[in-house]
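Reading through the structure tokens given below for one structure.
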Protein chains: 2
Amino acid sequence: MVVDQLSDAELDRLFQAFADTTRRDIMRRVTVGEYSVTGLAALYAMSFAAVQKHVAVLERASLVTKEKRGREQIVRGNHDGLEKARRLLDEYEAIWRQRVARIADILAEE
Amino acid sequence: MVVDQLSDAELDRLFQAFADTTRRDIMRRVTVGEYSVTGLAALYAMSFAAVQKHVAVLERASLVTKEKRGREQIVRGNHDGLEKARRLLDEYEAIWRQRVARIADILAEE
DNA sequence: ATATCCTACAACCAAATGGTTGTAGATCAG
DNA sequence: CTGATCTACAACCATTTGGTTGTAGGATAT
């Protein structure tokens with residue numbers, strides 16, 4: 001049963017979001033703790049605007065949410081996005097296993 | 001125990017490779033069956049050279065291997081690459097679960 | 001031997017990416 | 001009120017990406 005069908009564009013955004021070292025690091029951080037955009041920016045050797053863009057990429061990919069708190073914007077990890085990416089890779093893995101099993105069957109028949 | 005440490009660049013390439021619908025489709029195909037580059041190219045509404053480039057991206061990401069057979073080049077899925085990507089997402093998932101467990105503990109203490 | 005098939009790769013192009021600086025609107029502290 | 005802080009966003013730039021066409025070389029079939 002397919003609970004949640006992901007569009008190609010959603011998957012493109014998801015994997016694209018993971019395809020950058022800084023963004024993967026941001027994901028780690030915001031999964032464990034709470035960070036404002038400025039708090040995140042302080043961690044990297046690049047401008048505030050650059051980090052802001054990275055957060056925006058993660059947000060568009062549904063990997064992160066922002067919540068306004070006073071003048072700050074708190075960035076938090078969003079479990080759903082991560083799960084979607086995991087699910088796709090698991091799907092590939094399942095296909096792979098089926099194929100390996102099929103080959104084993106064929107060999108067993110001989 | 002960390003068996004296989006992946007460099008940032010490797011992970012960039014891995015997720016970048018997955019961040020395209022055509023490439024994800026090629027991955028599905030070559031996981032199940034055998035295809036020459038021309039065989040793959042026939043499946044998509046784009047030039048042979050474009051598909052060839054997609055295969056090259058998958059190859060650089062260690063998701064696919066090519067084997068020369070006569071004048072053809074057979075493209076096959078490479079399980080290792082897929083596993084590496086899966087492992088990273090599982091790692092994030094584990095971090096997440098730890099965090100959720102920690103929050104549950106804090107709440108239980110009250 | 002010649003024509004055909006498969007592949008590789010260069011050159012080119014438009015759009016996206018990852019970075020920069022600068023400007024401007026909210027919010028908070030004194 | 002004023003100044004500092006946090007954020008958003010525009011404009012710009014260099015590089016990469018995803019596509020194209022064209023050329024050339026190795027393998028196959030007739």
Side-chain angles (χ1 to χ4, degrees), chain A residues 7-30 33-76 81 85, chain B residues 7-30 33-76 81 85:
Chain A
S7 74
D8 286 339
E10 279 178 306
L11 287 173
D12 286 2
R13 269 179 264 127
L14 249 172
F15 286 107
Q16 181 61 41
F18 273 113
D20 180 278
T21 306
T22 303
R23 287 196 294 266
R24 285 194 302 274
D25 195 68
I26 291 175
M27 274 304 288
R28 266 181 206 286
R29 309 265 190 177
V30 301
E34 273 191 1
Y35 289 85
S36 67
V37 181
T38 300
L40 286 171
L43 301 170
Y44 307 101
M46 66 184 74
S47 69
F48 169 82
V51 174
Q52 200 180 17
K53 279 191 186 181
H54 281 306
V55 172
V57 170
L58 291 169
E59 199 180 11
R60 262 182 283 122
S62 305
L63 281 169
V64 130
T65 59
K66 284 194 296 186
E67 190 193 337
K68 201 163 188 171
R69 195 160 71 190
R71 66 184 151 182
E72 292 186 331
Q73 198 84 260
I74 304 299
V75 182
R76 291 205 186 81
Chain B
S7 74
D8 287 338
E10 279 178 307
L11 287 172
D12 286 1
R13 269 178 264 130
L14 249 171
F15 286 107
Q16 181 62 39
F18 274 114
D20 181 277
T21 305
T22 303
R23 286 196 295 265
R24 285 194 301 276
D25 195 68
I26 290 176
M27 273 305 289
R28 266 182 207 286
R29 308 266 190 176
V30 301
E34 273 191 1
Y35 289 84
S36 67
V37 180
T38 300
L40 286 171
L43 301 169
Y44 308 102
M46 65 184 75
S47 68
F48 169 83
V51 174
Q52 201 181 16
K53 279 191 185 181
H54 281 307
V55 172
V57 170
L58 291 169
E59 199 181 11
R60 263 183 282 123
S62 304
L63 282 168
V64 130
T65 58
K66 284 194 295 188
E67 192 193 335
K68 202 162 186 172
R69 197 162 69 191
R71 65 183 153 184
E72 294 185 331
Q73 198 85 259
I74 305 299
V75 182
R76 291 207 186 79

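A note on names: the letters A, B, ... follow the listed sequences, proteins ahead of strands, and every chain is numbered from 1.
- For the OP1/OP2 pair of dC6(D) and a distance below 4.0 Å, the side-chain nitrogens and oxygens of Q73(A) include no atom meeting the criterion.
- Here A9(B) pairs with S7(B), R13(B) under the side chain to side chain contact (heavy atoms under 4.5 Å, CB included) rule; sequence neighbours left out.
- The nearest whole Å value for the distance from the CD atom in E34(B) to the C1' atom in dC6(C) is 16 Å.
- Taking CG of L63(A) as the reference point, atom CZ of R24(A) lies at 12.5 Å (rounded to 0.5 Å).
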Name the pairs: protein N/O against N/O of nucleotides 3-5 of chain C, kept only if under 3.5 Å.
unit_1 : atom_1 : unit_2 : atom_2 : d
dC5(C) : O4'    : R71(B) : NH1    : 3.3

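- Residue contacts shown for S36(A) are limited to sugar-phosphate atoms, with no base heavy atom under 4.0 Å away.
- Here L58(B) contributes atom CG and Q16(B) contributes atom CD; the two are 11.0 Å apart, rounded to the nearest 0.5 Å.
- R76(B) meets the salt bridge (Lys or Arg N to Asp or Glu O under 4.0 Å) test with E34(B), E67(B); sequence neighbours excluded.
- In this structure, CD on E59(A) lies 10.5 Å from CD on Q52(A), to the nearest 0.5 angstrom.
- Note: CZ (R23(B)) to C1' (dG19(D)) measures 12 Å, nearest angstrom.
- Straight-line distance from the CG atom of D12(B) to the P atom of dT16(D): 13 Å, rounded to whole Å.
- Residue H54(A) places none of its side-chain N or O atoms closer than 4.0 Å to OP1 or OP2 of dT17(C).
- Remark: D20(B) engages no residue in a salt bridge (Lys or Arg N to Asp or Glu O under 4.0 Å) (not counting sequence neighbours).
- Along DNA chain C, the nucleotide nearest I74(B) and the nucleotide nearest D20(A) are compared for position; the residue whose nucleotide lies closer to the 5' end is I74(B).
- Put simply, CD on E72(A) is 19 Å from P on dA4(D), counting in whole angstrom units.
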Check against side chain to side chain contact (heavy atoms under 4.5 Å, CB included), T21(A) and L11(B) | CA-CA 8 Å; T21(A) 306; L11(B) 287 172; over 6 Å; no
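- With dA8(D), dG19(C), dC9(C) as the choices, the nucleotide that has an atom nearest any side-chain atom of Q52(B) turns out to be dC9(C).
- Side-chain atoms of Q73(B) come within 3.5 Å of backbone atoms of K68(B) as a donor-acceptor pair (strictly under, hydrogens ignored).
- Note that CZ of R71(B) is 9.5 Å distant from OG1 of T38(B), once rounded to the nearest 0.5 Å.
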So which protein nitrogen or oxygen atoms get under 3.5 Å of nucleotides 20-23 of chain D's nitrogens or oxygens?
unit_1  : atom_1 : unit_2 : atom_2 : d
dT20(D) : OP1    : S47(B) : N      : 3.3
dT20(D) : OP2    : S47(B) : N      : 2.8
dT20(D) : OP2    : S47(B) : OG     : 2.5

Where do V30(A) and L40(A) land on the side chain to side chain contact (heavy atoms under 4.5 Å, CB included) test, with the steps shown first?
-> CA-CA 9 Å; V30(A) 301; L40(A) 286 171; 4.2 Å; yes
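- Residue Y44(A) holds its OH atom at 5.0 Å from CZ of R29(A), rounded to the nearest 0.5 Å.
- Annotation: proximity of residues 58-69 of chain B to DNA chain C (heavy atom, distance under 4.0 Å) is found for K66(B), numbered in ascending order.
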